[in-house]
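Remember, it's a predicted structure, so these values are computed and weren't measured experimentally.
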2 protein chains.
Amino acid sequence: MKKIPKISESEWQIMKLLWAKNPSTANEMVEKLSPTTAWKPKTIKTLLNRLVKKKAVGYEKKGREYHYYPLAEKSECVKAESHSFLRRVYNGATKPMLAAFLENEDLSPEDIKELKRILNKKGRG
Amino acid sequence: MKKIPKISESEWQIMKLLWAKNPSTANEMVEKLSPTTAWKPKTIKTLLNRLVKKKAVGYEKKGREYHYYPLAEKSECVKAESHSFLRRVYNGATKPMLAAFLENEDLSPEDIKELKRILNKKGRG
DNA sequence: CTTTCAAGATTACATTTGTAATCCATACAG
DNA sequence: CTGTATGGATTACAAATGTAATCTTGAAAG
């Protein structure tokens, strides 16, 4: 298993964009983030630089701009962050965490059906 | 709803101890943490101080020691941290998050049964 | 009472993070 | 060709965090 770099709260925003559209230019990301954040373009460049330094992101020069792409795998990062959360908040106990979410969060009947389906498959496995 | 202070990774360790045994002395916590962390006692005192400053923890003087107790409510902190995680990693989408955990984490047959029970109750609700 | 030792208060310091502004080089406008 | 604007590189700076050492004070020991 490769080692995944630690990705901060703000950096996660960037990574999610890159996983969704690979590759992206800095300006594309500025566009996509402008409705949801108040970040100045320079801020986004800084975050990209840090991610490059952490080897979470790579780039290729295309004309005057860079085309950035994720180096860290989404599934790995999600797993790491999930486990970190689970450990921090629930001492690593999966079931209580799931129970809390199932009880407290809104779920549509379709969601519930889908989750039951997963549980059934799991039970049989 | 009251505003809950931001609790860092390390501080969570402290808060969990205080929620589990309320109140606790600093030395009790040092004891409890010594198997799991490499923190020096002074480090733990620092974390307690910061939590006091953040109003997440209070204390009462008892003889020469303080008896520390949580001011922030566990359920509130757990909820805040959960939502933060959900937003950061899953853009706030509960179902995909649950599906990922259900599929990837180990669950005993009893766990599965219990979770199904919760889902059934939810479905009926 | 006085000394001392340990709790807590204060201070320390590097790293990470959030948030950007300024500097520099070069691809395009003319 | 030359000037300029823009993308990226470098620098900036405060707050938060991890991790702890030193200072201060008062309770306990004698």
Quick check: does any side chain N or O of [X] sit under 3.5 Å from a backbone N or O of [Y], one acting as donor and the other as acceptor?
X	Y	result
B:Ser82	B:Val78	yes
B:Trp19	B:Ala72	yes
B:Lys3	B:Pro5	no

Separation of atom [atom1] in [X] from atom [atom2] in [N], rounded to whole Å:
X	N	atom1	atom2	result
A:Tyr66	D:dT6	OH	C1'	13 Å
A:Leu48	C:dG18	CG	P	14 Å
A:Gln13	C:dG18	CD	P	10 Å
B:Glu60	C:dA7	CD	C1'	17 Å
A:Tyr68	D:dG7	OH	P	11 Å
B:Asn27	C:dC5	CG	C1'	13 Å
B:Glu65	D:dG26	CD	C1'	14 Å
A:Leu51	C:dT16	CG	C1'	13 Å

**OP:** Hey, can you tell me if A:Phe85 and A:Tyr90 have their rings parallel, tilted or perpendicular (30° and 60° cut-offs)?
**Re:** perpendicular

Subject >> Contact list for residues 91-122 of chain A, test ring-ring contact (aromatic ring centres under 6.0 Å, His included), sequence neighbours left out >> reply: none

**OP:** Verify the neighbour count for atom NZ of A:Lys116: are there more than 12 heavy atoms of other residues, nucleotides or ligands below 6.0 Å?
**Re:**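 Enclosed: over 12 neighbouring heavy atoms sit under 6.0 Å from NZ of A:Lys116.
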
Original post:
Taking atom types as modelled and ignoring hydrogens, do the side chains of B:His67 and B:Glu28 form a donor-acceptor contact shorter than 3.5 angstrom?
Top reply: no

Original post:
Would a 4.5 Å heavy-atom cut-off, applied to side chains only, mark A:Ser24 and A:Tyr69 as touching?
Top reply: no

**OP:** Begin with the C-alpha distance, continue with both residues' side-chain angles, and end with the deciding distance and a verdict on salt bridge (charged side-chain N to carboxylate O under 4.0 Å, His left out) for B:Arg88 and A:Glu81.
**Re:** CA-CA 9 Å; B:Arg88 173 171 51 257; A:Glu81 193 73 19; 2.9 Å; yes

**OP:** Identify, with sequence neighbours excluded, every residue that meets side-chain hydrogen bond (donor to acceptor under 3.5 Å, both in side chains) alongside A:Asn91.
**Re:**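 By the side-chain hydrogen bond (donor to acceptor under 3.5 Å, both in side chains) rule, A:Asn91 matches B:Lys16.
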
**OP:** Quick one: which residue pairs count as a side-chain hydrogen bond (donor to acceptor under 3.5 Å, both in side chains) with a foot in residues 33-60 of chain A, not counting sequence neighbours?
**Re:**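 Sorted pair list: A:Glu11-A:Lys54.
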
If you restrict it to nitrogen or oxygen atoms, what contacts under 3.5 Å exist between nucleotides 28-30 of chain C and the protein, and what is each distance?
none

Subject >> Residues from residues 77-89 of chain A lying under 4.0 Å of DNA chain C - heavy atoms >> reply: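 The stretch gives none, as no residue of it lies under 4.0 Å from the strand.
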
Original post:
Reading nucleotides 16-22 of chain D 5' to 3', which nucleotides get B (base under 4.0 Å from a protein heavy atom), which S (sugar-phosphate only), which -?
Top reply: -BBBBBB

